[in-house]
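Structure, as structure tokens:
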Amino acid sequence: MVVKQRLIPTAKGVKPGEGRVLACLFAYEDKLSNRCEYALYDAAAQLEQAITALTYLAKECKDDLKTFCSDIKPGKDGC
């Protein structure tokens, strides 16, 4: 992933995953370049849209998830 390759080396001491890099950027938002600040807020807006879409998906597919994916642990095996 291009973003990950560019971002991770500059986020010293921040272990990637679980939103830690994003949280780091928000913590330093007053020091970010205009370009990075714009990208950060754009990414946050896109994440909010993705969460809304996934919530809708989970609601609409509730029965299918129970039927086909009940034995899958979240974050594992692609289901």
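Excluded from the calculations below are hydrogen atoms, water molecules and symmetry mates; all remaining heavy atoms, backbone and side chain alike, are included.
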Decide yes or no for Glu37 and Leu40: does some side-chain heavy atom of the first lie under 4.5 Å from some side-chain heavy atom of the second? no
Around atom [atom1] of [X], are there more than 12 heavy atoms of other residues, nucleotides or ligands at under 6.0 Å?
{"X": "Glu48", "atom1": "CD", "answer": "no"}
{"X": "Tyr28", "atom1": "OH", "answer": "no"}
{"X": "Asp42", "atom1": "CG", "answer": "yes"}

What residues, two or more places apart in sequence or in another chain, satisfy side-chain contact (heavy atoms from CB on, under 4.5 Å) together with Ser33? Arg35, Cys36
Say you draw a straight line from CG of Leu22 to CZ of Arg20; how long is it, rounded to the nearest 0.5 Å? 12.0 Å
With hydrophobic residues grouped by side-chain heavy-atom distances under 4.5 Å, do Leu65 and Leu57 end up in a single group? no
Are Leu25 and Tyr38 co-members of a hydrophobic cluster defined by side-chain heavy atoms under 4.5 Å apart? no
